[in-house]
Q: 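First the structure, then my questions, so here it is.
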Amino acid sequence: MSSEQDKNPTGAPHDDGALFAPVDPFKVGIQGCCPRCGHGKLFNGLLSIKPRCSACDLDYAFADAGDGPAVFVILIVGFIVIGLVLWMQVNYAPPIWVYIVLFAPLTIILSLLSLRWCKGILIALQYRNNASEGRISGE
């Protein structure tokens, strides 16, 4: 069974609004579900994308989040961790080992969780908005 995305002769990424109800890209992105049906899994492991949806057979070849999720994670997690470090330094001024024990695991855990969430959300938004690589009109 091939997906509607593969059958579309116009080259548009998808035209399946009548077949599948729209899903919330933030909800399915955080849950790691298929951006079309919301049931199949998007990830194979922690961050690798599956080739196809097991529920609706959507080909995930369009899914290329690039470096976007990493940039968002660096900015968001960095803001949270540095804010907490500065707050702790101003209020308590603990020794350096306290920062290492507290904030190294916090940074790693927050980064891994939010990287998966950001990647799922960006792929779901990419699918919903028919985003694709830019093309020059003469090509």
Side-chain angles (χ1 to χ4, degrees):
M1 178 172 121
S2 65
S3 67
E4 287 294 317
Q5 178 184 15
D6 298 332
K7 292 181 188 176
N8 194 345
T10 64
H14 63 81
D15 186 22
D16 54 3
L19 300 175
F20 296 95
V23 295
D24 180 23
F26 293 96
K27 181 180 175 187
V28 296
I30 289 173
Q31 292 175 348
C33 295
C34 174
R36 177 163 69 178
C37 68
H39 297 293
K41 294 298 176 193
L42 180 64
F43 294 105
N44 188 18
L46 183 62
L47 291 172
S48 61
I49 304 294
K50 288 186 171 192
R52 302 185 90 66
C53 175
S54 59
C56 70
D57 204 35
L58 173 65
D59 185 14
Y60 291 147
F62 73 92
D64 182 22
D67 293 334
V71 171
F72 284 122
V73 166
I74 289 169
L75 293 173
I76 294 168
V77 171
F79 179 79
I80 292 169
V81 171
I82 295 302
L84 289 172
V85 167
L86 291 173
W87 175 81
M88 183 175 266
Q89 178 63 32
V90 168
N91 291 320
Y92 301 107
I96 192 75
W97 64 267
V98 174
Y99 293 109
I100 295 169
V101 169
L102 289 178
F103 293 110
L106 178 68
T107 303
I108 292 168
I109 291 169
L110 283 177
S111 296
L112 289 176
L113 282 176
S114 58
L115 187 58
R116 181 179 170 107
W117 293 341
C118 284
K119 188 171 186 177
I121 290 169
L122 286 179
I123 289 172
L125 286 170
Q126 182 180 15
Y127 176 80
R128 182 175 189 171
N129 296 311
N130 296 331
S132 62
E133 185 176 335
R135 303 260 184 234
I136 298 175
S137 61
E139 291 182 14

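Throughout, residue positions are numbered sequentially from 1 according to the sequence presented. Basis for what follows: all heavy atoms, side chains included, without hydrogens, waters or symmetry-related copies.
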Q: When hydrophobic residues are tied together by side-chain contacts of less than 4.5 Å, even through go-betweens, does Leu102 share a cluster with Val77?
A: yes

Q: Enumerate the residue pairs fulfilling side chain to side chain donor-acceptor pair (under 3.5 Å) with a member in residues 61-78, sequence neighbours excluded, ordered by first and then second residue.
A: none

Q: Which pairs, with at least one residue in residues 80-99 and sequence neighbours excluded, count as a side chain to side chain donor-acceptor pair (under 3.5 Å)?
A: Gln89-Tyr99

Q: Members other than Val90 in its cluster, when Ile, Leu, Val, Met, Phe, Trp, Tyr link by side-chain heavy atoms under 4.5 Å?
A: none

Q: Same cluster for Leu112 and Leu106 if Ile/Leu/Val/Met/Phe/Trp/Tyr side chains link at under 4.5 Å?
A: yes

Q: For Lys41 and Lys50, which heavy atoms make the closest approach, and how far apart are they?
A: O-CD, 3.6 Å

Q: Answer with yes or no whether the hydrophobic clustering places Leu86 together with Val81; edges join I, L, V, M, F, W, Y residues whose side-chain heavy atoms lie under 4.5 Å apart.
A: no

Q: Same hydrophobic cluster for Leu42 and Phe62, using side-chain heavy-atom links shorter than 4.5 Å among ILVMFWY?
A: yes

Q: Could you work out, with side chain to side chain contact (heavy atoms under 4.5 Å, CB included) as the rule, every residue matching Ile80, not counting sequence neighbours?
A: Ile76, Leu84, Leu110

Q: Has Phe72 got more than 12 heavy atoms of other residues, nucleotides or ligands less than 6.0 Å from its CZ?
A: no

Q: Using residues 20-34 as the side-chain source, report each donor-acceptor pair under 3.5 Å to any protein atom, sequence neighbours left out, with the distance given to one decimal.
A:
none

Q: Grab the two heavy atoms, one from Pro35 and one from Tyr60, that are nearest each other, plus how far apart they are.
A: CD-CE2, 3.9 Å

Q: Which atoms form the tightest heavy-atom contact between Gly40 and Ser54, and what is the distance?
A: CA-OG, 4.1 Å

Q: Could you tabulate the donor-acceptor pairs under 3.5 Å formed by side-chain atoms of residues 115-123, not counting sequence neighbours?
A:
residue : atom : partner : partner atom : Å
Arg116  : NH1  : Gly45   : O            : 2.8
Arg116  : NH1  : Leu46   : O            : 2.9
Lys119  : NZ   : Leu47   : O            : 2.8

Q: Taking atom CG of Asp59 and atom CZ of Arg36, what is their separation to the nearest 0.5 Å?
A: 9.5 Å

Q: Flag yes if Val101 and Met88 sit in one hydrophobic cluster, no otherwise; membership is Ile, Leu, Val, Met, Phe, Trp, Tyr, and two members link when side-chain heavy atoms are under 4.5 Å apart.
A: yes

